[in-house]
Amino acid sequence: MTFMPLGRRALLTGTAGSLAAATLPVRAIAAPRPTEPSGLLHGLGRRDGLFERLPVEDPSRTLLARGWLFHEGDITPPAPVTHDDTYSNAKAGNARGAAAMDYDDSDWAAVTLPHDWASAQGFVETANVAQGYRPRGIGWYRRTLRLDPADRGKRLELHFGAIATAATIWINGSIVARNFSGYNAIDIDLTPFARFGDELNVIAIRVDANAMEGWWYEGAGLYRQVWLSKRAPVSITTDGVHCDPRLGSDGRWSVPVTVALNSIAREMAAANVLVDLLDPAGKVVASARGQAQLPPLGEAEVALSLPVADPQLWSIETPTLYTVRVITDAPGGGDERRIAIGFRTIRFDASQGFFLNDKAVKLKGVCLHQDHAGVGVAVPDALLAWRLQRMKDTGVNAIRCSHNAQAEAFYQLCDRMGFVVMDENRVFNPAPENMAQLEWLVRAHRNHPSIILWSVFNEEPMQGTEAGVEMVRRMAAQVHALDDSRPVTAAMNGSFYDPKNVSSVVDVMGFNYYQGDYDKFHALNPAKPSTSSEDTSAFMTRGAYTTDKAAHVLSSMDDEAAPWGATHRDAWAEIAKRRFIAGGFVWTGFDYHGEPTPFTWPTIASFFGILDLCGFPKTAYDIHRAHWIDDQAVVGVAPHWTWPGKEGQPMPLLVTSNAERVRLVLNGRMIGEQAVDRIMGNRFTVAYAPGRLEAIALRGGREVARAVHETAGPAVALRLTPARRQMLGDNEDVVPVTIDAVDAKGRHVPTENRTTRFTIDGATLIGVGNGDPNSHESEKAPQRSLFNGLAQMLVQAGEGRGKVTIVASADGLRAARLVIDRLAATPRAQVAVTPPGAFILGWRRSRSFATAPDPGMTPPVNDNNSWDFTRSGTPAAPEAGPSFRLYRAALPVRRRVVAEGGTLSFAQIEGRATVYVDGRQVAAKTDPAAGTLVVPVPAGAKGVAVLVAAVPGARSGITGAVRLAPKG
């Protein structure tokens with residue numbers, strides 16, 4: 001199969017930077033000019049360029065990120081006891097407790113999405129170890145939504161990127177979805193439940209994050225974005241365009257396009273479909289048209305094909321993207337999608353490994369979880385782009401989604417940055433619910449050129465059983481039915497030789513560890529392609545170079561690994577020397593919260609990463625740069641060179657490079673020179689002497705790269721280094737800022753651990769970290785201790801042009817001041833926030849009387865028939881003679897109103913009206929014409945009654961919204 005490029009386009013425009021920059025000085029801020037230690041700050045100070053906002057695939061979508069209210073903890077309504085309550089409880093729209101439309105959420109916290117409430121929790125020893133000792137619990141979200149009357153007749157859809165973990169969703173008091181996974185998107189047809197104008201909509205969500213799907217930190221809440229779509233009555237189904245390019249046996253390219261349509265129209269509708277292919281410059285290079293007939297509430301598909309001559313190819317080096325634009329035209333309006341695609345072929349060969357565009361490519365991969373220091377799993381797009389750029393800096397070309405689908409932005413970024421991806425299913429189960437999650441995974445992601453493999457499971461105990469084989473058969477068949485262009489794998493950790501095992505029913509064998517079995521399996525299965533799906537599991541504490549297990553510290557000299565794994569160098573050696581192994585996926589690219597193997601409390605995060613939780617490099621970074629980077633010379637040396645008190649003691653050194661030879665120089669004196677061992681690195685032992693340590697990479701006898709460590713003196717000042725010197729003023733852009741300490745000569749001090757404090761103006765601090773897997777400091781507070789010399793803050797822009805000013809201070813050190821330019825930018829459109837307030841939505845309405853009834857009259861107990869159930873905004877039909885109707889409702893409970901009183905505002909009443917609160921007349925409207933009325937509500941009031949007198953021949957009643965508000 002095939003895919004194409006959009007030209008090498010770094011997401012940080014103009015910031016591709018030189019990977020050799022590890023040897024260049026970094027400009028100091030509020031401190032003298034330093035010399036950068038090898039690899040330590042490399043890639044962390046990209047000073048130019050902006051995050052390039054990701055393109056919109058579905059123009060009908062608008063962000064629903066603001067206006068949410070959150071309550072931590074469960075809210076259980078009392079069980080219904082009376083007949084009336086029980087009867088009401090069984091009816092649509094009558095949810096009780098926090099799911100009720102009129103529930104009092106006035107004291108809930110306002111939050112903006114994405115939101116991971118667990119990331120703000122403290123660490124508790126009795127909490128789950130694998131989840132990082134953070135209590136998760138249960139939480140509730142509510143959002144009031146106003147829909148314009150002009151939206152009537154449109155298809156309205158809510159799209160939740162993911163919710164951690166088990167979620168129940170109500171719309172206007174009716175359950176509309178239950179979802180039991182924290183990784184799949186949830187799409188809800190809002191249309192049949194929708195209310196318009198002043199009749200508001202209420203979204204309520206109960207999230208049970210106690211439910212666990214993984215053995216790592218999973219977060220809690222609405223941690224991905226939520227969108228509202230407003231589409232024409234005949235529209236394109238969500239994820240309903242499949243447009244994966246194909247290279248025919250005749251050597252010609254085409255883009256087969258299938259467009260799934262649906263209709264909420266009341267009549268048969270004809271839909272015209274126009275499909276254009278746009279080249280990287282936006283020029284239309286192919287077009288096709290089709291038509292479909294859709295019955296009311298029906299579906300249809302249109303299949304077309306676009307022939308393409310000599311497209312530019314998508315590759316890791318040049319990830320060129322084309323765009324498939326689908327436009328529909330039908331009664332009631334049109335719909336549109338703009339989908340990025342790439343032309344490329346992929347092939348897994350049993351003896352030669354992986355081929356991209358018929359070129360052999362070794363998969364230099366990492367496994368990634370989705371959390372980051374400070375924000376948990378609620379990772380903004382700009383931070384995600386920065387994380388992926390850190391992987392590019394490491395030489396990574398492949399990513400395994402471990403062990404679940406990632407955010408949609410992840411796949412878009414991989415397409416644009418040039419990664420290939422193993423997309424992995426979370427739950428191994430072909431039961432209908434879980435099969436639907438697998439189908440969603442494939443349907444939602446199959447157009448992405450970056451994806452080369454579908455993985456149906458990770459390390460399942462049933463992998464060597466007949467049942468396991470049958471389960472995989474069904475799941476793989478469903479994957480192939482939705483996408484016939486990519487192979488299916490499963491990440492196996494044993495059972496390879498059992499009489500019945502799943503390797504027999506996958507397209508590519510996936511080895512999790514078991515590197516000693518590569519050759520045996522290949523000899524027994526010479527026609528089966530193989531890859532390492534997970535390897536290494538080495539341990540490192542960033543900035544530590546000796547192991548102290550009592551302190552839960554592990555050396556970064558690549559000599560610590562899990563019993564089932566290997567060091568970074570040993571693991572890659574086994575992969576690199578076998579062509580039939582397509583490549584590897586290091587466990588892991590970044591450290592992550594939870595799974596603190598090999599320790600437990602008080603350790604709260606992992607040690608596996610090439611980079612730490614903040615993206616700061618460990619020694620593994622330089623090791624893998626030497627392994628994986630081919631297009632420029634690199635060199636690194638570990639450890640650092642600041643060891644007071646160790647003068648004269650032997651110091652083991654590890655030098656890593658991809659050059660031909662390395663030379664080690666200390667204070668101008670050559671210590672030694674060796675031929676490079678690119679995989680295992682080069683070992684030197686030097687008697688420690690303060691000064692300047694240099695590792696020089698040579699090719700053809702000439703210097704091609706240099707890494708330098710200088711002995712630092714006592715810290716005298718802080719320094720702030722931003723990932724970028726500019727950010728978009730769009731309320732979303734995020735810039736990581738590195739905090740470190742420098743000595744009097746501006747040199748980084750790698751042993752400094754002082755607490756730093758910061759103030760920020762013009763942006764919001766959304767998280768902090770320092771990469772210490774044993775730290776229990778808050779990840780939200782405006783302070784953080786340095787850990788082995790480094791800490792990080794994440795700042796999110798405000799809106800509009802201005803300056804972001806950050807000041808960092810620490811006891812005994814000179815403060816640092818940083819200014820980041822905040823550029824004018826148009827924020828992404830957001831659904832308007834509905835002003836707070838309580839509304840009376842439902843009323844009991846009496847029958848019509850010729851004379852005014854007693855205003856104290858109420859429906860008889862258990863009588864659900866003689867009084868109508870009606871709603872604000874619904875008129876009563878005209879009658880020939882005079883008529884009177886009585887309306888009754890309970891006042892919404894709002895704490896301030898109960899305590900202090902308030903006002904009840906009727907947007908419109910038609911007819912004369914008298915209003916009673918708890919049986920006492922409080923207001924009257926004497927003009928029968930439609931008009932407003934505002935009445936006082938005393939403290940502690942519970943019920944309201946409205947007696948409406950209709951003019952003969954005219955409609956009457958409460959025909960507008962009714963809002964209860966506190967005084968003032």
### Query
Does the ring pair (Phe, Tyr, Trp, His ring centres under 6.0 Å) test come out yes or no for F521 and F511, once each step is laid out?
CA-CA 10 Å; F521 184 88; F511 283 96; 5.4 Å; yes

### Task
Start with the C-alpha gap between F180 and V427, add the side-chain angles, then the distance that decides, and say whether side-chain contact (heavy atoms from CB on, under 4.5 Å) holds.
CA-CA 11 Å; F180 298 99; V427 180; over 6 Å; no

### Message
Set out, in order, the CA-CA distance, both residues' side-chain angles and the distance that settles side-chain contact (heavy atoms from CB on, under 4.5 Å) for I575 and Q515, then state yes or no.
### Response
CA-CA 8 Å; I575 294 165; Q515 292 189 298; 3.7 Å; yes

### Task
Please report the C-alpha distance between H372 and W386 in whole Å, then the side-chain angles of each, then the deciding distance to 0.1 Å, and finally whether the side-chain contact (heavy atoms from CB on, under 4.5 Å) criterion is met.
CA-CA 11 Å; H372 190 90; W386 182 83; 3.9 Å; yes

### Intermediate values then yes/no, ring pair (Phe, Tyr, Trp, His ring centres under 6.0 Å), Y518 and F580
CA-CA 9 Å; Y518 288 168; F580 68 85; 7.1 Å; no

### Query
side-chain contact (heavy atoms from CB on, under 4.5 Å) between R347 and D358: does it pass, once the steps are laid out?
CA-CA 8 Å; R347 174 166 55 91; D358 282 329; 3.4 Å; yes

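Between D244 and R246, at least one side-chain N (NZ, or NE/NH1/NH2) sits under 4.0 Å from a carboxylate O, which counts as a salt bridge. Contact check on R579 versus D349 returns no salt bridge, with no Lys/Arg side-chain nitrogen under 4.0 Å from an Asp/Glu carboxylate oxygen. At a threshold of 4.0 Å, the pair R390-D393 counts as salt-bridged, since one of the basic side-chain nitrogens sits closer than that to a carboxylate oxygen. A salt bridge is defined here as a Lys NZ or Arg NE, NH1 or NH2 lying under 4.0 Å from an Asp or Glu carboxylate O, and D630 with K362 fails to meet this definition. Ion pairing of D612 with K618 is absent here, as no side-chain N (NZ or NE/NH1/NH2) approaches a carboxylate O to less than 4.0 Å.
Note: W564 and F608 have tilted aromatic rings, judged against thresholds of 30 and 60 degrees for the angle between ring planes.
Across A490 and V456, no two heavy atoms sit closer than the pair CB-CG2, 4.1 Å. Considering all non-hydrogen atoms of both residues, N447 and C243 come closest at OD1-N, 2.8 Å. Nearest heavy atom pair, residue E534 against residue C367, reads CG-SG, 4.1 Å. Considering all non-hydrogen atoms of both residues, V396 and G365 come closest at CG1-CA, 4.5 Å. In terms of heavy atoms, P487 sits closest to I346 at CD-CD1, 4.2 Å. The two residues E424 and S455 come nearest to each other via the heavy atoms OE2-OG, 2.8 Å.
Here the side chains of R578 and D519 are in contact, with some heavy-atom distance below 4.5 Å. Proximity of R486 to M422: side-chain heavy atoms (C-beta onward) are nowhere separated by under 4.5 Å. Within the 4.5 Å cutoff, side-chain heavy atoms of L368 are placed close to those of M391. The side-chain heavy atoms of R625 and T656, taken from C-beta on, include no pair separated by under 4.5 Å. Side-chain contact between S606 and T597 is absent, with no heavy atoms from C-beta onward closer than 4.5 Å. Counting heavy atoms from C-beta on, the side chains of V375 and D116 never come closer than 4.5 Å. Using a 4.5 Å heavy-atom threshold, the side chains of V377 and H369 count as separate. Counting heavy atoms from C-beta on, the side chains of L278 and R325 come closer than 4.5 Å.
Using a distance-only test at 3.5 Å, with no hydrogens or angles considered, a donor-acceptor pair links the side chain of D371 to the main chain of H593. Between the side chain of T588 and the main chain of F590, a donor-acceptor pair closer than 3.5 Å is present. A donor-acceptor contact shorter than 3.5 Å links the side chain of K528 to the backbone of V506. Checked by atom type and distance alone, the side chain of D591 pairs as donor or acceptor with a backbone atom of G609 at under 3.5 Å. With hydrogens and angles ignored, the 3.5 Å screen pairs no side-chain donor or acceptor of R416 with any backbone N or O of P319. For N357 (side chain) and K359 (main-chain N/O), no donor-acceptor pair under 3.5 Å exists by modelled atom type. Listed for the K500 side chain is no donor-acceptor partner under 3.5 Å among the backbone atoms of V469. Judged by distance alone, the side chain of R400 and the main-chain N or O of S533 form a donor-acceptor pair under 3.5 Å. In this structure, the side chain of R337 does not engage the main chain of V241 through any donor-acceptor pair within 3.5 Å. D558 places no side-chain N or O within 3.5 Å of a backbone atom of T619 that could act as its donor or acceptor partner.
The side-chain hydrogen bond (donor to acceptor under 3.5 Å, both in side chains) test with Y183 singles out one residue from H403, R224, E218, E213, and that residue is E218.
Between Q406 and D423, the side chains place no donor N or O within less than 3.5 Å of an acceptor N or O (distance only, hydrogens not considered).
Atom CD of E466 has 12 or fewer heavy atoms from other residues, nucleotides or ligands within 6.0 Å.
Within the structure, ring pair (Phe, Tyr, Trp, His ring centres under 6.0 Å) pairs that include any residue of residues 454-480 comprise F428-F457 (at least two apart or interchain).
Taking the six-membered ring for Trp and the full ring otherwise, the centers of W440 and H159 sit at least 6.0 Å from each other.
Expressed to the nearest 0.5 Å, how far CG of L453 lies from SG of C401 amounts to 11.0 Å. Taking CD of Q389 as the reference point, atom OG1 of T394 lies at 9.5 Å (rounded to 0.5 Å).
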